[in-house]
S.K.: 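Got a structure here, written out as C-alpha cells. Questions coming.
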Amino acid sequence: MSTEREHAAYDFAYVQEKWLPIWDTLEPFKSGRADDARPKKYVLDMFPYPSGDLHMGHAEAYALGDVIARYWIQKGFNVMHPIGWDAFGLPAENAAIKRNEDPRIWTYENIATQKASMRRYACSFDWDRVFNTCDPEYYKWNQWLFTKLHERGLAYRKNSAVNWCPGCQTVLANEQVVAGLCERCDTAVTKKKLNQWYFKITDYADRLLDDMSELEGKWPEKVLMMQRNWIGRSQGANVQFVIEGRTEPVTIYTTRPDTLYGATFMVVAADSALAAELAHGSAVEPEFTAYLEKIKAASDIDRLATDRPKSGVDLKRFAINPVNGEKLPIWASDYVLADYGTGAIMAVPAHDQRDLDFAKAMKLPVRVVVETGEEDPQATGIATTGDGKIINSGSLNGLSKADAIAAINKQLEADGLGKSARNYRLRDWLVSRQRYWGTPIPIVHCEKCGEVAVPDSELPLLLPDAKGLDLKPKGQSPLAAATEWVNTKCPKCAGPAMRDTDTMDTFVDSSWYYLRYPSSTNATEPFNRADIDTWLPVDQYVGGVTHAILHLLYSRFFTKVLHDMRMLSFTEPFTRLLNQGMVVMDGSAMSKSRGNLVRLSDELENHGVDAIRLSMVFSGPPEDDVDWSDVSPSGSVKFLSRAWRLSGDVTSASGVDFTTGEISLRKATHKALNDAAFAVESFRFNVAIARVMELVNATRKAIDSGCGPADPAVREATEAIAIMLSLVAPFTSEEMWERLGHKPAIATAGWPIVDPKLLVADEVEAVIQINGKIVDRMNVSPSISDTEFESAALALPTVIAALSGAAPKKVIARAPKLVNIVL
RNA sequence: GCCCCCAUAGUCCAAUGGCAGAGACAGAGGACUUAAAAUCCUUCCAGUAUCGGUUCGAGUCCGAUUGGGGGCACCA
C-alpha cells in the first residue's frame with residue numbers, strides 16, 4: 001500500500017517510530033550465535049554511569065562507537081558490542097539521602113531511562129549481555145577478586161596519611177585528586193591518618209610502563225604520555241649517609257649522584273618518622289613541633305603553590321658525606337615528601353632549583369660541581385641543571401654527567417655505600433571508601449585470627465538493606481551502624497568477629513567489567529575462560545579521555561594480575577583505543593550553571609536521531625571536541641533528506657545487473673566505497689561522510705542531467721549510499737533500503753564488494769613542472785611508465801620552448817602524476 | 001618549572017613530500033513559485049601563525065619563535 005505519507009517529504013519522526021519495533025523483532029546486533037562462522041570483533045563503549053538521562057556527551061560517544069561496530073558488521077564480522085551500567089557510586093547515594101530512599105530505586109530507575117533512550121537512539125548494542133555493577137550477581141565477583149588479590153598479598157591494609165574529601169566524607173585515591181581538589185565535588189582535599197585498604201599497583205609499575213610499547217600507534221599518544229607521566233619512573237641512586245649520634249645511617253635517593261660533592265646540607269621530610277626521631281629530645285624539638293603543626297594545617301592547595309617560599313627547621317644534627325667526609329647540617333622541611341624515595345635528600349643547591357631556593361632562604365652554602373658554561377647559580381639564583389664538566393669532585397673531575405653517574409655508582413656499590421635505584425611517582429591504589437553504595441569489602445576482622453577473607457561459598461556478601469541506615473556522610477561507613485550485619489563469626493575459628501565496614505572504590509567495578517560481557521550471566525565464575533579466549537582482548541575501546549589514567553590504568557593493572565593468576569592469556573585488555581572529545585558549547589563545557597546546556601532530548605525532537613548522530617560524527621575528527629555552536633543539525637537534516645530522496649527516484653528494478661550501468665557513476669560509487677572504508681578504519685569518520693556526500697551529489701546529477709534514473713548505476717550508487725549511511729543514520733538508511741525494494745535490516749546487508757577495475761581512471765591529468773613551477777599539463781594513461789612519461793613531457797612544445805636547446809640538469813618523473821624538470 | 005599536542009578561507013574541517021579544497025556551515029546570485037518555504041543550479045573567499053633549514057619539490061620533514069590546548073607538578 002502506498003500511503004500519501006510515503007510520498008511526502010522525509011519525515012524523521014514517522015520513520016523512527018516505524019522501524020524501532022521491527023528492529024526489536026529482528027535483533028540485528030545479537031552476537032555470538034553458536035553457528036556463527038564469521039570472524040569475531042569486540043567493540044566496546046565505556047559503560048555509562050546512570051545519573052539521569054543520556055546527555056550530549058553520550059550522544060557523541062555512542063554515535064562514534066556505533067560507526068565502528070556497524071562498520072565491522074557490514075564488513076562481515078561477528079561483532080560483540082555490549083553495554084551495561086557502572087551503577088555503584090556517590091551520585092546515587094547523595095540522591096538517596098536527598099530523597100530519603102534506597103539508592104537502588106534511583107539507580108535502577110535511571111538505568112531504565114537510559115536504556116530506553118539508547119533504544120530510541122538506535123544504539124547497536126547486544127541487549128542480551130547487559131549487567132549492572134550494583135547487581136549482587138556482579139559484585140559477588142568483585143568480592144571474589146578482592147579475596148584473590150588478598151591471598152596474593154596484592155590487597156593489604158596500612159596506616160597512612162590519606163587524601164580525605166571533607167565534601168564526600170570519604171578517602172580518595174591519588175588518581176581522584178585533581179590539582180588538590182576532589183575529582184567529584186571540587187572540595188579541597190585534606191590529609192588524614194587512617195588505616196585503609198590498598199591494591200599494590202606499584203608492584204606492576206614497570207610492567208605498566210614497559211608494556212605500553214605494544215600499545216604504541218594503537219592508543220592515542222596523549223593517553224600513553226599521561227600514563228607514563230603518572231607512573232613517573234625515575235632512575236637514580238640510593239646513597240647512605242652516616243648521621244652523627246645515630247647508629248643507623250640514613251639512605252637518600254638522588255637522580256644526580258654525579259653531584260654528590262656538591263651537597264652542602266641534607267633535608268628530611270618534616271612529616272616523616274625520621275625527622276621526629278632526629279628532633280626528639282633536643283633543644284629544637286619545640287620549634288620542630290610547632291613547624292609540623294603549621295604544615296599539617298596547610299591544605300594541598302597551599303602545598304601546590306609553586307612560588308611558595310621555602311620553610312624549614314634546622315635540626316642541629318649532622319650527616320657525613322660519604323665521598324668527602326664533610327659534615328652536612330640536617331634540616332627538616334615540607335618541600336621534601338615523606339612518601340617518595342626515602343623521605344630524605346642530599347641538597348645540591350648549585351644544581352637543583354628547589355635546593356637553591358632553600359639554601360638562599362636559610363643562608364646555606366652553594367658549591368658548583370658541574371661546569372655548564374652558565375652563570376654562577378649563587379649569583380643568579382638559577383640552578384644549573386644541564387650537562388657539563390665535573391669539577392671540585394675528586395676522582396670525578398673532568399668527567400661528563402653520564403660518565404660521572406656511572407663512575408660514582410660503581411664506586412658507591414664497591415664501598416657498600418649505595419647503589420643505583422628507581423623510584424616511581426605512582427602510589428598504591430587506595431580502594432576503601434567510607435560510603436554505603438558500593439561493594440562491601442569481603443573481610444572479617446577476628447580478634448584471634450586477624451584479617452580473614454569471607455570464603456567463596458558465602459559470596460556475595462550482600463550490602464545490608466539501606467532501610468534504617470543513616471546514609472549521611474559522617475566520616476565513617478554507614479555500614480558500621482548495621483550492627484546485625486557487622487557482628488558475625490570468624491570463618492576460621494567461628495569466634496566472634498566483625499565485618500569490614502568500608503566499601504570498594506567503584507573503579508574496582510570497572511577494572512574488569514569488559515571480561516564479564518562474554519559470559520554476563522555466568523553464576524559460577526566471574527568469566528568463562530573459553531568465552532574470554534574467543535572474544536578478548538577488546539579489539540576496539542571507545543571512551544572519553546577523562547579516564548586516561550584512572551580507569552585505563554586500573555584496568556591494565558587488573559589484566560596483568562589476572563594474567564599472573566593464569567586466568568587470562570593476554571596482558572593488555574584493550575588492543576585499540578579511541579578517545580572521543582567532549583561536546584562543548586561556545587568553547588566551554590556545557591553546564592546548567594553556565595547557562596549553555598544543550599538538552600539532547602530537545603535536539604533529537606527538533607532534528608531527529610539520525611541528524612544528531614550525523615552532526616556528531618561529521619563535525620570533525622572524533623578526538624576533537626565538538627562545539628555545538630559550530631555544527632548545523634539542520635544541515636544534516638538537509639543532507640539526509642537529499643540522500644533519502646534518491647531512493648525514491650531510482651526506477652530500475654531491485655537485482656538489476658549493475659555491470660551494464662553508466663561507467664563514470666559506477667566508478668564514483670566504487671571509489672566512494674573504497675575511500676569511505678579506508679577512512680572509517682583510520683577513524684576519519686568525517687572524511688568518510690564527505691565521500692558519501694560526494695556520491696550523493698554525483699548521483700543527483702546523474703539522475704537530473706546525466707544517465708537518468710533508470711540506469712542501473714543509479715541504483716548501485718543509491719544502494720551504496722544507503723549502506724554507507726547505515727553506519728551513522730540507521731533510520732534513514734533503513735527507510736532508503738526499503739524504498740529500494742529490500743528487506744530489513746540494512747545493518748546486516750553487507751558492504752558492497754569493491755571492483756578494483758573500477759578504481760582505475762582511464763586518464764590522469766599529469767602536471768609538468770620546471771624547477772618546481774607548473775608550466776603545463778597533459779593527459780596520460782595511469783599505467784604509463786616513468787621513462788615514457790618523461791619523454792612525453794620533454795616533447796611538449798612548452799617544455800621545448802623553455803629548454804631552448806639546453807639539456808635539463810635533472811628530470812624527476814613520478815608517473816602518472818608529475819614530471820619536474822630541473823634546469 | 002618539566003613534558004606532550006595543535007595552528008589551512010568568515011566558521012567547522014580535507015589534502016601517502018607532488019596542482020592547497022574533498023565535504024559542510026555561513027554569505028551572494030539565479031531557476032521554479034502569484035508569493036513564501038522546500039528543492040535545484042551557480043558563485044565568492046585563504047597560499048597554510050612567524051623565521052630559518054633539508055629537498056628537484058614542504059601545509060606535510062627538521063630547528064627556533066609566537067599563540068592556543070592539555071598533562072604532571074616541591075617526585076630530589
Side-chain angles (χ1 to χ4, degrees), chain A residues 9-10 178-180 220-234 236 252-256 259 267 269 303-308 310 333-337 339-348 351-355 357-358 382-383 385 423-427 545 548-549 587 614-615 618-621 623-627 629-636 638-639 641-642 645 672 675 678-679 684 686-697 700-701 704-705 765-774 777 808-814 817-823:
Chain A
Y10 176 60
V178 179
E221 193 48 46
K222 185 181 169 184
V223 174
L224 296 178
M225 210 53 239
M226 283 166 76
Q227 292 212 358
R228 284 198 184 98
N229 234 324
W230 187 259
I231 296 167
R233 179 161 71 193
S234 94
I252 61 97
Y253 174 72
T254 177
T255 53
R256 292 294 303 275
T259 62
V267 187
R303 275 185 75 93
L304 286 169
T306 46
D307 48 1
R308 209 160 58 100
K310 292 279 182 288
S333 172
D334 64 347
Y335 88 90
V336 171
L337 305 177
D339 58 351
Y340 181 80
T342 61
I345 62 150
M346 67 170 190
V348 184
H351 308 295
D352 182 285
Q353 191 59 47
R354 297 153 301 186
D355 296 346
D357 293 343
F358 192 83
I382 299 163
T385 54
N423 265 304
Y424 304 88
R425 226 191 57 89
L426 182 71
R427 305 294 148 84
V545 74
I549 32 193
L614 178 67
S615 300
F618 183 56
S619 73
E623 56 275 11
D624 288 6
D625 284 352
V626 176
D627 195 324
S629 61
D630 288 332
V631 309
S632 168
S634 56
S636 297
K638 202 170 112 183
F639 165 68
S641 26
R642 203 168 136 83
R645 228 177 299 120
D675 291 359
F678 179 68
R684 285 146 54 242
N686 52 329
V687 178
I689 290 167
R691 294 290 98 85
V692 183
M693 287 174 168
E694 249 176 302
L695 186 59
V696 167
N697 293 341
R700 182 78 261 153
K701 201 166 250 173
D704 292 348
S705 57
E765 193 186 45
V767 174
I768 314 303
Q769 298 180 331
I770 290 181
N771 289 338
K773 299 240 160 35
I774 296 159
R777 289 154 199 277
K809 228 187 252 170
K810 197 172 177 183
V811 181
I812 289 113
R814 291 277 179 276
K817 284 159 91 179
L818 166 143
V819 178
N820 188 15
I821 298 155
V822 187
L823 295 184

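Within every chain, numbering begins at 1; the chains are lettered A, B, ... in the order of the sequence lines, protein sequences first and strands thereafter. Computed from heavy atoms alone, side chains included, the values below leave out hydrogens, waters and symmetry copies.
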S.K.: Nearest of B:rA76, B:rA73, B:rG23 to any side-chain atom of A:Asp352?
M.R.: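 Nearest to the side chain of A:Asp352 among the choices is B:rA76.
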S.K.: What contact category does A:Ile549 fall into here, base, sugar-phosphate, or nothing, at under 4.0 angstrom with non-hydrogen atoms?
M.R.: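 Result for A:Ile549 = sugar-phosphate.
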S.K.: When the distance from CG of A:Asn771 to C1' of B:rG18 is rounded to whole Å, what number comes out?
M.R.: 15 Å
S.K.: To the nearest 0.5 Å, tell me how far A:Asn686 CG sits from A:Ser619 OG.
M.R.: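 Going from the CG atom of A:Asn686 to the OG atom of A:Ser619 covers 7.5 Å.
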S.K.: side-chain contact (heavy atoms from CB on, under 4.5 Å) with A:Glu623: which residues, sequence neighbours excluded?
M.R.: A:Leu578, A:Pro621
S.K.: With distance as the sole test, does A:Asn820 use its side chain to make a donor-acceptor pair with the main-chain N or O of A:Gly772 at under 3.5 Å?
M.R.: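 Yes, because the side chain of A:Asn820 sits within donor-acceptor range (under 3.5 Å) of the backbone of A:Gly772.
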S.K.: Compare the minimum distances between each of B:rA76, B:rC56, B:rG23 and the side chain of A:Leu337, then state the nucleotide with the smallest one.
M.R.: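 Closest nucleotide among those given: B:rA76.
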S.K.: Between B:rA24 atom C1' and A:Leu695 atom CG, what is the distance in whole Å?
M.R.: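 Taking atom C1' of B:rA24 as the reference, CG of A:Leu695 is at 16 Å.
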S.K.: Measure the distance from CG on A:Asn229 to C1' on B:rG70 and round it to the nearest whole Å.
M.R.: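 From A:Asn229 CG to B:rG70 C1': 11 Å.
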S.K.: Are OP1 or OP2 of B:rA76 and a side-chain N or O of A:Tyr335 less than 4.0 angstrom apart?
M.R.: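 Answer is no, no contact under 4.0 Å.
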S.K.: Please check: side-chain N/O of A:Asp625 versus main-chain N/O of A:Asp627, any donor-acceptor pairing under 3.5 Å?
M.R.: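 Here the side-chain-to-backbone pair does not exist.
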S.K.: So, under a plain 3.5 Å distance rule, would you say the side chain of A:Arg700 forms a donor-acceptor pair with the base of B:rC40?
M.R.: no
S.K.: Suppose we screen for side-chain contact (heavy atoms from CB on, under 4.5 Å). Which residues come up paired with A:Val767, at least two apart in sequence or across chains?
M.R.: A:Gln769, A:Ile774, A:Arg777
S.K.: So which protein nitrogen or oxygen atoms get under 3.5 Å of nucleotides 27-32 of chain B's nitrogens or oxygens?
M.R.:
none

S.K.: Strictly below 4.0 Å: does A:Ser641 bring a side-chain N or O up to OP1 or OP2 of B:rA38?
M.R.: no
S.K.: So which one's nearest nucleotide on RNA chain B is more toward 5', A:Asp339 or A:Lys701?
M.R.: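 The answer here is A:Lys701.
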S.K.: Under a cut-off of 3.5 Å for both distances of each Watson-Crick or G-U pair, what dot-bracket string does RNA chain B give, using [ ] for crossing pairs and | for inter-strand pairs?
M.R.: (((((((..((((....[..).))).(((((.......))))).....(((((..]....))))))))))))....
S.K.: Remember a base hit wins even if backbone is also touched, and classify A:Arg233 as base, sugar-phosphate or nothing at under 4.0 Å, heavy atoms.
M.R.: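 No contact.
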S.K.: Mind checking the P distance from B:rC56 to B:rC40? Whole angstroms is fine.
M.R.: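 After rounding to an integer number of Å, I get 50 Å for this pair.
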S.K.: Which whole-number value in Å describes the distance from A:Lys638 NZ to B:rG23 P?
M.R.: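 To the nearest whole Å, that distance equals 14 Å.
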S.K.: Between A:Asp339 and A:Arg427, does the salt bridge (charged side-chain N to carboxylate O under 4.0 Å, His left out) criterion hold? Intermediate values first, please.
M.R.: CA-CA 9 Å; A:Asp339 58 351; A:Arg427 305 294 148 84; 2.9 Å; yes
S.K.: In Å and rounded to the nearest 0.5 Å, what is the CZ to CG distance from A:Arg700 to A:Leu695?
M.R.: 12.5 Å
S.K.: Measuring to OP1 and OP2 of B:rG57, would you say a side-chain N or O of A:Lys810 lies under 4.0 angstrom away?
M.R.: no
S.K.: If you check every side-chain atom of A:Trp230, which of B:rC3, B:rC72, B:rC56 has the closest atom?
M.R.: B:rC72
S.K.: A:Ile252 has an atom CD1; how far is it from atom P of B:rC74, in whole Å?
M.R.: 19 Å
S.K.: Between B:rA9 and B:rU48, how far apart are the two P atoms, rounded to whole Å?
M.R.: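 To the nearest whole Å, 10 Å.
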S.K.: Determine if the base of B:rG47 is syn or anti; take syn to mean the glycosidic torsion is within 90° of 0.
M.R.: syn
S.K.: Can you tell me, in whole Å, how much space there is between the C1' of B:rA58 and that of B:rG53?
M.R.: 11 Å
S.K.: What interatomic distance, in whole Å, is found between C1' of B:rG69 and the corresponding atom of B:rC41?
M.R.: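 It works out to 42 Å between them.
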S.K.: Quick one: which of B:rC19, B:rA76, B:rC25 gets closest to the side chain of A:Ser632?
M.R.: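 That would be B:rC25.
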S.K.: Measure the CD1-CZ distance between A:Ile689 and A:Arg684 for me, rounded to the nearest 0.5 Å.
M.R.: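 It is 13.0 Å, given to the nearest 0.5 Å.
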S.K.: Look at all strands and tell whether A:Ile812 reaches a base, only sugar-phosphate, or nothing, counting heavy atoms closer than 4.0 Å.
M.R.: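 Base contact.
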S.K.: What is the distance from atom CD1 of A:Ile549 to atom CZ of A:Arg228, rounded to the nearest 0.5 Å?
M.R.: 13.5 Å
S.K.: Figure out the CZ/C1' separation between A:Phe678 and B:rA22, and round it to whole Å.
M.R.: 15 Å
S.K.: If the C1' atom of B:rC45 is compared with that of B:rU34, how far apart are they to the nearest Å?
M.R.: 36 Å
S.K.: Mind checking the P distance from B:rG59 to B:rG68? Whole angstroms is fine.
M.R.: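 The same atom, P, in both gives a distance of 25 Å.
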S.K.: By nearest heavy atom, map A:Tyr253 and A:Glu221 onto RNA chain B; which one lands nearer the 5' end?
M.R.: A:Glu221
S.K.: Distance check, C1' atoms only: B:rG29 and B:rC44, in whole angstrom units.
M.R.: 10 Å
S.K.: Can you sort out the partners of A:Tyr253 under ring-ring contact (aromatic ring centres under 6.0 Å, His included), two or more places apart, ordered by chain and number?
M.R.: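 Partners of A:Tyr253 under the ring-ring contact (aromatic ring centres under 6.0 Å, His included) test: none.
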S.K.: Validate the cation-pi geometry between A:Lys310 and A:Tyr335: distance from NZ or CZ to the six-membered ring centre under 6.0 Å, angle to the ring axis within 45°.
M.R.: yes
S.K.: Which whole-number value in Å describes the distance from A:Arg256 CZ to B:rA76 C1'?
M.R.: 11 Å
S.K.: I'd like to compare against my own output: the B/S/- annotation of nucleotides 6-17 of chain B with a strict under-4.0 Å heavy-atom distance to protein.
M.R.: -----SSSSSB-
S.K.: When the C1' atoms of B:rG10 and B:rC2 are considered, how many whole Å apart are they?
M.R.: 38 Å
S.K.: In sequence, state the C-alpha distance, the side-chain angles, and the governing distance for A:Asn229 and A:Arg425, and then conclude on side chain to side chain donor-acceptor pair (under 3.5 Å).
M.R.: CA-CA 8 Å; A:Asn229 234 324; A:Arg425 226 191 57 89; over 6 Å; no
S.K.: Check the phosphate of B:rC4 against A:Arg228, side-chain N and O only, distance under 4.0 Å to OP1 or OP2. Yes or no?
M.R.: no
S.K.: Side chains of A:Asn423 and A:Arg233: donor-acceptor distance under 3.5 Å anywhere?
M.R.: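 Per modelled atom types, A:Asn423 and A:Arg233 side chains form no pair under 3.5 Å.
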S.K.: The side chain of A:Lys310 lies closest to which of these nucleotides: B:rA76, B:rC41, B:rC74?
M.R.: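 From the listed options, B:rC74 comes nearest.
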S.K.: Using a heavy-atom cut-off of under 4.0 Å over every strand shown, decide if A:Gln769 touches base, sugar-phosphate, or nothing.
M.R.: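 Answer is base: heavy atoms of A:Gln769 come under 4.0 Å of a base.
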S.K.: Start with the C-alpha distance between A:Ser636 and A:Ser615, add both sets of side-chain angles, then the distance that settles side chain to side chain donor-acceptor pair (under 3.5 Å), and finish with yes or no.
M.R.: CA-CA 6 Å; A:Ser636 297; A:Ser615 300; 2.8 Å; yes
S.K.: For a quick test of reading the model, state the closest non-hydrogen atom pair linking A:Ala347 to A:Asp355 and the distance between them.
M.R.: CA-OD2, 3.3 Å
S.K.: Just N and O in the side chain of A:Asn697: are any of them under 4.0 Å from OP1 or OP2 of B:rA24?
M.R.: yes
S.K.: Given B:rG23, B:rC3, B:rA73, identify the nucleotide with an atom nearest to the side chain of A:Met225.
M.R.: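 Shortest atom-to-atom distance from the side chain points to B:rC3.
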S.K.: To the nearest angstrom, how far is A:Asp704 atom CG from B:rC41 atom P?
M.R.: 7 Å
